[in-house]
Engineer: 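The structure that follows is given in the form of structure tokens.
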2 protein chains.
Amino acid sequence: MAILNELSEFRRPIAINLANRPTPSNCEDCGARHNGLCEALTEDELAFLARSAQRITLAPGTVFVEEGEKAAYFYNINHGNVRLFKSLPDGRRQITGFSGPGHFLGLAAGENNAFSAEAMDSVKLCRFSRASLMAVFEELPVLERKLLGVAMHELVLAQQQMLLLGRKTAIERIASFLLSWAVRLEMCPAGGLPAANSVLKLPLSRTDLADYLGLTIETVSRSLSQLKRDGMIDIPNIHEIILLRPRTLSEIAEAAV
Amino acid sequence: MAILNELSEFRRPIAINLANRPTPSNCEDCGARHNGLCEALTEDELAFLARSAQRITLAPGTVFVEEGEKAAYFYNINHGNVRLFKSLPDGRRQITGFSGPGHFLGLAAGENNAFSAEAMDSVKLCRFSRASLMAVFEELPVLERKLLGVAMHELVLAQQQMLLLGRKTAIERIASFLLSWAVRLEMCPAGGLPAANSVLKLPLSRTDLADYLGLTIETVSRSLSQLKRDGMIDIPNIHEIILLRPRTLSEIAEAAV
DNA sequence: GTATTTTTTTGATATGGATCAAAGCCGCGT
DNA sequence: ACGCGGCTTTGATCCATATCAAAAAAATAC
């Protein structure tokens, strides 16, 4: 991962962000509140973690984890979004997920990375060496349990995605995606549906969408246009979608009979 | 999960099988060696675990985990095979994975099961209540680390499967599957390829294969026939495939250019 | 503000895999 | 051995989505 050398990197250890802790406040970069994964950690535990962390800023498009390379680091994202993907030698790409503020990254078994990770915008994150994380585990077994929870949640998402990729039609995939993105943005109270006319911000290109949903950009575009024609959504601009009828979208997504 | 009442169940706690421990010997049911996930546990640790386990035998076709139901148990499979799947209301099914001897099952985040599990043949397993497993964690933090390893490995497989479902052609899916099944059966030394002319036992119907690979049974059958015509494999009977040219199969699977 | 490039949408056509249909094949019970 | 029912394979056709192409819109540069 020679590319890491090009990064603006602060070697001085600073407090890492495991959910915008210590005070659950708004993000210093964008003002939004990023709920994270390790809220249960105490000040002392965070201070312990901080001793082995480096804070790094990545330019958009930077591939900072490369599939097949030695898995040397774990990451905790503070700000920005990351796409995780696998590629075939002929260029076909499958995005396996997205990571955002508060998320852990690098949960790969084995010696080498199972996927690549690329900054979608300007990304700030904390980096740990694998070895130092192992040392942290010795002192902080609770972190291991946290990570188990994270991994299990990732597995649930992966299984949903397999159902989507293996068995859903293009329209169903788009509808499923819109709703799952609303969940991701915490627009769904208690795991329910987002409110009618919710505005969904999509910091994704159509290409990302296609590579995430196993479609082509043309099919993504056509499916969105069709949902718009049918009055399910409105598309004021490329990166915003208004969910006019979330209930019906949900029925499409789950193929309710 | 009312179906559990129909099971032949021994309530007396007995030694669970976390990798055919304590002595890594051959399976008492089928004679084969089942490598498992918790080989590092000591006798004492195993004894501790055993106190909260129940041994259960399932008939083929028994659905013992149901998607959406309350996730009450963890399972450790001793013998037999299990398919894990998600379904849509109209009957479309996606198999998300298979579990066999030594595997853990029930690694789902949240209150409810994210998938269903069904015995493919006669299955023997050990069952823990979720609560008792949590208690075990307190005494055996090492188990948590083991499970984290398991979950991470599952994630790697899930990501591979997403690439397969989202971006590979039918032939590539079949080739990928054959090789991954060979890995599963430990026919691949050091993560390499299986030997030429290896005999692959497939305890799966074509329907299972189709639902795992996101295809129809007809396409599965046609793709296998084509690989046979091309001299890649031989199919002496429905449940056995001979890998005549694993290297070429691998090139097909990974879409080498 | 205008030119240039990139991304997105829309249209026309092609195709891989699905669907519909029928013929083997195999296991099982009698 | 025979007949039956459920898999599996093969064949014919169809269709959802890919591919190819071009216009429209948005982003970027000048």
Side-chain angles (χ1 to χ4, degrees), chain A residues 59-61 83 88 90-95 120-122 164-178 200-230 232-241 252 255, chain B residues 60-61 83 88 90-94 120-121 164-178 201-230 232-241 252 255:
Chain A
R83 57 181 153 249
L88 291 171
D90 62 5
R92 280 175 281 173
R93 184 179 73 155
Q94 179 66 40
I95 294 180
M120 296 167 71
D121 39 31
S122 180
L164 181 149
L165 292 169
R167 289 302 183 214
K168 290 188 180 178
T169 66
I171 286 277
E172 289 164 359
R173 291 181 201 205
I174 296 287
S176 299
F177 168 78
L178 292 175
L200 199 66
K201 303 230 180 227
L202 284 188
L204 307 168
S205 69
R206 296 292 188 255
T207 302
D208 282 338
L209 214 34
D211 284 349
Y212 183 51
L213 300 178
L215 301 168
T216 59
I217 51 172
E218 293 95 331
T219 299
V220 167
S221 183
R222 270 186 254 273
S223 301
L224 284 169
S225 298
Q226 163 144 17
L227 287 174
K228 184 177 177 182
R229 265 198 308 281
D230 296 349
M232 302 289 135
I233 62 174
D234 200 7
I235 311 177
N237 67 68
I238 305 285
H239 293 294
E240 266 181 26
I241 290 184
I252 294 173
Chain B
R83 57 180 152 249
L88 291 170
D90 62 5
R92 279 175 282 173
R93 183 178 74 154
Q94 179 66 41
M120 295 167 72
D121 40 31
L164 180 149
L165 293 170
R167 290 299 183 217
K168 289 189 181 178
T169 67
I171 286 276
E172 288 164 0
R173 292 180 201 205
I174 295 287
S176 299
F177 168 78
L178 292 175
K201 303 231 180 227
L202 285 188
L204 307 168
S205 69
R206 296 293 188 255
T207 303
D208 282 338
L209 214 34
D211 284 349
Y212 183 53
L213 300 178
L215 301 169
T216 59
I217 51 171
E218 293 95 331
T219 300
V220 167
S221 182
R222 270 187 255 272
S223 301
L224 285 169
S225 298
Q226 163 143 18
L227 286 175
K228 185 178 176 182
R229 265 198 309 280
D230 295 349
M232 301 289 133
I233 62 174
D234 201 5
I235 311 178
N237 67 70
I238 305 285
H239 294 294
E240 268 181 27
I241 290 183
I252 295 172

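Order of the sequence lines fixes the chain letters, A, B, ..., with proteins taken first and strands second; residue numbering starts at 1 for each chain. Source: prediction; values computed, not measured.
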Engineer: C:dT8 P sits how many Å from A:L209 CG, rounded?
Structural biologist: 9 Å
Engineer: Write down the distance between CD1 (A:I241) and C1' (C:dT9), rounded to a whole number of angstrom.
Structural biologist: 14 Å
Engineer: Extract, from 5' to 3' on DNA chain D, the first and final nucleotides lying under 4.0 angstrom from some heavy atom of chain B.
Structural biologist: D:dT8 to D:dA12
Engineer: OP1 or OP2 of C:dA18 sitting under 4.0 Å from any side-chain N/O of B:T216?
Structural biologist: yes
Engineer: Round to the nearest Å and state the distance from A:E218 atom CD to C:dT8 atom C1'.
Structural biologist: 10 Å
Engineer: Would you give the length of the straight line joining atom OG1 of B:T216 to atom CZ of B:R222, rounded to the nearest 0.5 angstrom?
Structural biologist: 7.0 Å
Engineer: So what does B:I238 touch, heavy atoms closer than 4.0 Å: a base, only the sugar-phosphate, or nothing?
Structural biologist: sugar-phosphate
Engineer: In whole angstrom, what separates B:I217's CD1 from C:dC20's C1'?
Structural biologist: 12 Å
Engineer: Find the distance A:L202:CG to C:dT8:C1' and express it as a whole number of Å.
Structural biologist: 14 Å
Engineer: Measure from the side-chain N and O atoms of A:E240 to the backbone N and O of A:L200, and report whether any donor-acceptor pair falls under 3.5 Å.
Structural biologist: no
Engineer: Mind calculating the distance between CD1 (B:I235) and C1' (C:dG24) to the nearest angstrom?
Structural biologist: 15 Å
Engineer: May I ask you to evaluate whether A:R222 reaches the phosphate of C:dT9, defined as a side-chain N or O under 4.0 Å from OP1 or OP2?
Structural biologist: no
Engineer: For B:L224, report the nucleic acid contact type (base, sugar-phosphate, nothing); a contact means any heavy atom under 4.0 Å.
Structural biologist: nothing
Engineer: Which comes earlier along DNA chain D counting from the 5' end, the contact point of A:P236 or that of A:T169, where each point is its nearest nucleotide?
Structural biologist: A:T169
Engineer: Closer than 3.5 angstrom, by distance alone: can the side chain of B:R206 be matched with the main-chain N or O of B:I238 as a donor-acceptor pair?
Structural biologist: yes
Engineer: So, taking the atom named CG in B:D208 and the one named CE in B:M120, what distance separates them when rounded to the nearest 0.5 Å?
Structural biologist: 5.0 Å
Engineer: Starting at atom CD of A:E240, determine the distance to atom P of C:dT8, rounded to an integer number of angstrom.
Structural biologist: 15 Å
Engineer: Quickly work out the B:D211 CG to C:dA18 P distance and round it to whole Å.
Structural biologist: 11 Å
Engineer: If the helix axis at each end comes from five base pairs, how far does the helix from C:dG1-D:dC30 to C:dT30-D:dA1 deviate from straight, to 10°?
Structural biologist: 50°
Engineer: Within this structure, what is the CG-CG distance for the pair A:L209 and A:L178, rounded to the nearest 0.5 Å?
Structural biologist: 7.5 Å
